[in-house]
Asker: 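Dropping the structure in here first, questions after.
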Number of protein chains: 2
Amino acid sequence: MSVRKLTSIKDVAKAAGVSVTTVSRYLNRTLDLPLPTRTRIDEAIKSLDYRPNPHARRLSRGRAETIGLVVPDISNPFFATLVAAVEEEADRRSLAVSLHATLNRPGREITYLQLIEHNHVDGLIFATNHHDDGLLAPLINRTGKVVVVDEDVPGALVPKILCDNENGGYLVGQHLAANAHRRVLFVGGSPEMLSAHRRRQGLSRALNERFGDDAELTAYAGDYTVDYGREAARRFLREDRPGSAIFASSDEIAIGLIEVFKETAVSVPEDVSVVGFDDVSPLHLFAPPITTVRQPVREIGKRALEVLLETNWQDPGSFASEELLPVEIVVRNSVAPPAKP
Amino acid sequence: MSVRKLTSIKDVAKAAGVSVTTVSRYLNRTLDLPLPTRTRIDEAIKSLDYRPNPHARRLSRGRAETIGLVVPDISNPFFATLVAAVEEEADRRSLAVSLHATLNRPGREITYLQLIEHNHVDGLIFATNHHDDGLLAPLINRTGKVVVVDEDVPGALVPKILCDNENGGYLVGQHLAANAHRRVLFVGGSPEMLSAHRRRQGLSRALNERFGDDAELTAYAGDYTVDYGREAARRFLREDRPGSAIFASSDEIAIGLIEVFKETAVSVPEDVSVVGFDDVSPLHLFAPPITTVRQPVREIGKRALEVLLETNWQDPGSFASEELLPVEIVVRNSVAPPAKP
DNA sequence: CCGGTACACTAAATCGCTTTACAAGAGAGT
DNA sequence: ACTCTCTTGTAAAGCGATTTAGTGTACCGG
């Protein structure tokens, strides 16, 4: 509270009767000292309650000991879980996490990417949820030290940690096919988004395996939000139900769908089957419990930090990679065979 | 990627033909310059793509332009929303947010509080979810620049932003009383926690107003978690249902209760009524939709940052305060009159 | 007695910015 | 003509670490 000056390395050096250099090097283990000297320094540190000034250290070393985390929206349960996983892992390694939400404000992603260039953070874990308009990839390639998670940024030559979207779609397709759904509506992001594209492809593959050319796949594209789920549900009803089952490409969308179906007395799964994606909300308590694909969210976060720290960023080109983490389908009660198949 | 050196203020000064001081003071608006000089500097900055090195700035100013945010668990929807609100508000003010989760690891809260003492951050927004064992309050008082949110830390003489827990409990009590529930189980935190204490008091007040001495209030105490909700539900059944209604002091607890009731075929609200607290999960889609008390989570986060920045921390003692934000009850479908009142 | 090798340290530059204190010149008032 | 006050700057000392390039002493083998 008072403006007492904090103890600096200089005070420690004086108290221990050595030079500042010695203390610094001892602390950074670049100098072996004989026991007596060591003890003197240790005691000085303890009695003065010395702790290195992080800003000075960062300026001097040119590193921030901080990693940046950019996500679309923290309050979304999916990203909240991702953030939690990254923070936990960073804390284990004594790194601070600087958190940034883009909230779909254009230009924000770019602003945050520039944090790296100016040494604000040592690296960035980056999640977007919309299609790159062409600015992101070059910037990412220029700045480096970025790990892309959850949604691909095409053209970015950096490590990417994604879930196995194709297989997720395929598992849903199989489950729907097993329940005799031949006509399916896919509600997801625009096809330029790799996640949406792959999920849809997996879905399509499974449906075709079962029904061949008789499979009918319709798609609506929009945001991964509750709002868009509502909109999609209304459109689905307005357009006379282009499908006996709906595969929502996120739980949020599924929640929106279900809200509207509830209001309009369309019952799930009797009138229409619904499957979600992510499994981060308490879908098992819904009426009915919602079948969904579980993403290994925490794994994604953890792995992203590992990769960020393990990658040798000196050797550009060496590190463009894509790691696919496995998904699983969690079957609950929102899928039933259609009334008239 | 390459080790190109970033442009520093020195380069700008040289390019503009002025001194470093001039550039710095111009940028920090402590110096008015005539248009021509201004233009030269602006152009130098633009053409060199200069951006101040944050570490140098922080070292020099002794401020971090960063605020710390300490919460028990980020993946919990309540805290996720709080984090989102704080981040949003901080971003508006060009402050970075350094995020830390305690995850109930003992000692972590203290570690993070010390971030302030060593200038790591300029201030801290602090949320705990368990009873202080006596170490926290003195440390908070010593470090200052802390705003306590959500849960009280008794003895901490700093601003506190809480919700109106007593009224929350009262509203629930009224609603339950109106549905003829005379015997109520309160499942919440230990009574040493102010939130639990006040909610329970409000509940008790409403019940007494209606039933006088006939009101029967039982209490279970534990964590605000789904796990504890499950445990409480099992105990409730084992102990022969000490109440026709349960007031869960968080949505998480309510979710745990409902899970177990679902498994054991105890139906809500026919067999037992349930009310939650927080309203951050999609409780409206549950079966049945859960009645709960809505906390103004985002408001709490936003207000906390405002208070953190507006408080005059030079004048200790002046700022111990408690701000209560209003709550409202969201009536849905999980309360019905008891079978045998 | 000399050169070499460890050992135990250190002086001083550096990181990039802020800030205090001061200065030179121009105009203004008396 | 002389002092005063602006205006428009500047030099240099921090901030608190890290790090490079040494230094002085002691011992040791030949």
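Residue numbers start from 1 in every chain, and the chains themselves are labelled A, B, ... in the order their sequence lines are given, proteins ahead of strands.
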Asker: For the residue pair B/Q114 and B/T143, confirm or rule out a side-chain donor-acceptor distance under 3.5 Å.
Answerer: no

Asker: Kindly say if A/R25 contacts the phosphate of C/dC9, meaning a side-chain N or O under 4.0 Å from OP1 or OP2.
Answerer: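 Result: no.
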
Asker: Is it true that B/D73 and B/Y224 share a donor-acceptor pair across their side chains at a distance under 3.5 Å?
Answerer: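 Side chains of B/Y224 and B/D73: no pair found under 3.5 Å.
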
Asker: What nucleotide among D/dG16, D/dG9, C/dT20 has an atom nearest to a side-chain atom of A/S60?
Answerer: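 Nearest nucleotide to the side chain: D/dG16.
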
Asker: Mind checking if A/N28 touches a base, just sugar-phosphate, or nothing, with heavy atoms under 4.0 Å?
Answerer: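 Sugar-phosphate, no base atom in range.
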
Asker: Can you see if the side chain of B/S8 gets near the phosphate of C/dG16 - specifically, an N or O under 4.0 Å from OP1 or OP2?
Answerer: no

Asker: Hydrogens and angles aside, do B/E151 and B/S195 bring a side-chain donor and acceptor to less than 3.5 Å of each other?
Answerer: yes

Asker: Distance check: side-chain N/O of B/T22 vs OP1/OP2 of D/dT10, anything under 4.0 Å?
Answerer: yes

Asker: Of the listed nucleotides (D/dG9, C/dT18, C/dT10), which one gets closest to any side-chain atom of A/L31?
Answerer: C/dT10

Asker: When we call it a touch if two heavy atoms are under 4.0 Å apart, what does A/P54 touch: a base, just sugar-phosphate, or nothing?
Answerer: nothing

Asker: Just to confirm, is there a sub-4.0 Å distance from OP1 or OP2 of D/dT10 to any side-chain nitrogen or oxygen of B/Y26?
Answerer: no

Asker: Is it the case that B/T22 and B/S19 place a side-chain donor and acceptor less than 3.5 Å from each other?
Answerer: yes

Asker: Whole angstroms only, please: what is the CG-C1' distance between A/L59 and D/dT18?
Answerer: 10 Å

Asker: Between atom CZ in A/R29 and atom C1' in C/dA8, what is the gap in whole Å?
Answerer: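 From A/R29 CZ to C/dA8 C1': 19 Å.
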
Asker: Which dot-bracket string describes DNA chain D (Watson-Crick N1-N3 plus N6-O4 or O6-N4, or G-U N1-O2 and O6-N3, all under 3.5 Å; [ ] crossing; | other strand)?
Answerer: ||||||||||||||||||||||||||||||

Asker: Could you check how far CZ of A/R40 sits from P of C/dA8, rounded to whole Å?
Answerer: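 A/R40 atom CZ is separated from C/dA8 atom P by 12 Å.
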
Asker: Output the rounded distance in Å from CG (A/L48) to C1' (D/dA17).
Answerer: 16 Å

Asker: Under a 3.5 Å distance rule, please check whether B/T311 uses its side chain to pair with a backbone N or O of B/V307 as donor and acceptor.
Answerer: yes

Asker: Which of these nucleotides, D/dT8, C/dT18, D/dA17, is closest to any side-chain atom of B/P34?
Answerer: D/dT8

Asker: Tell whether A/T21 reaches the base of C/dA12 with its side chain through a donor-acceptor pair below 3.5 angstrom.
Answerer: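 Yes.
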
Asker: Could you work out which one of C/dC17, D/dT18, C/dT10 sits closest to the side chain of A/R57?
Answerer: D/dT18

Asker: Between B/Y50 (OH) and C/dC17 (C1'), how many Å, whole number?
Answerer: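 Answer to the nearest Å: 7 Å.
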
Asker: What integer distance in Å separates B/K10:NZ from C/dA13:P?
Answerer: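 Those two atoms, NZ and P, are 13 Å apart.
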
Asker: Ignoring the backbone of B/A56, work out which of D/dT10, C/dC17, C/dT18 is nearest its side chain.
Answerer: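 Looking only at heavy atoms from C-beta outward on B/A56, the closest nucleotide is C/dC17.
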
Asker: Measure from CZ on B/R61 to C1' on D/dG16 and round the result to the nearest Å.
Answerer: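 Whole-Å distance recorded here is 17 Å.
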
Asker: Within the 4.0 Å heavy-atom criterion, would you say B/V20 contacts the bases, only the backbone, or no part of the nucleic acid?
Answerer: base

Asker: Taking atom types as modelled and ignoring hydrogens, do the side chains of B/R58 and B/N53 form a donor-acceptor contact shorter than 3.5 angstrom?
Answerer: no

Asker: Send over the distance from A/L27 CG to C/dC9 P, rounded to a whole Å.
Answerer: 15 Å

Asker: Check the phosphate of D/dC15 against B/R58, side-chain N and O only, distance under 4.0 Å to OP1 or OP2. Yes or no?
Answerer: no

Asker: Given C/dC9, is OP1 or OP2 found less than 4.0 Å from the side-chain N or O atoms of A/T37?
Answerer: yes

Asker: Identify which one of A/L113, A/V71, A/D150, A/T102 satisfies the side-chain contact (heavy atoms from CB on, under 4.5 Å) criterion when paired with A/F126.
Answerer: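 Among A/L113, A/V71, A/D150, A/T102, the one that satisfies the side-chain contact (heavy atoms from CB on, under 4.5 Å) with A/F126 is A/L113.
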
Asker: Are OP1 or OP2 of C/dT18 and a side-chain N or O of B/S24 less than 4.0 angstrom apart?
Answerer: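 Yes, within the criterion.
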
Asker: Above 12 or not: heavy atoms from other molecules or residues under 6.0 Å from CG of A/D32?
Answerer: no

Asker: Can you confirm whether the side chains of A/E109 and A/T128 place a donor and an acceptor under 3.5 Å from each other?
Answerer: yes

Asker: Are A/N53 and D/dA17 close enough that a side-chain N or O sits under 4.0 Å from OP1 or OP2?
Answerer: no

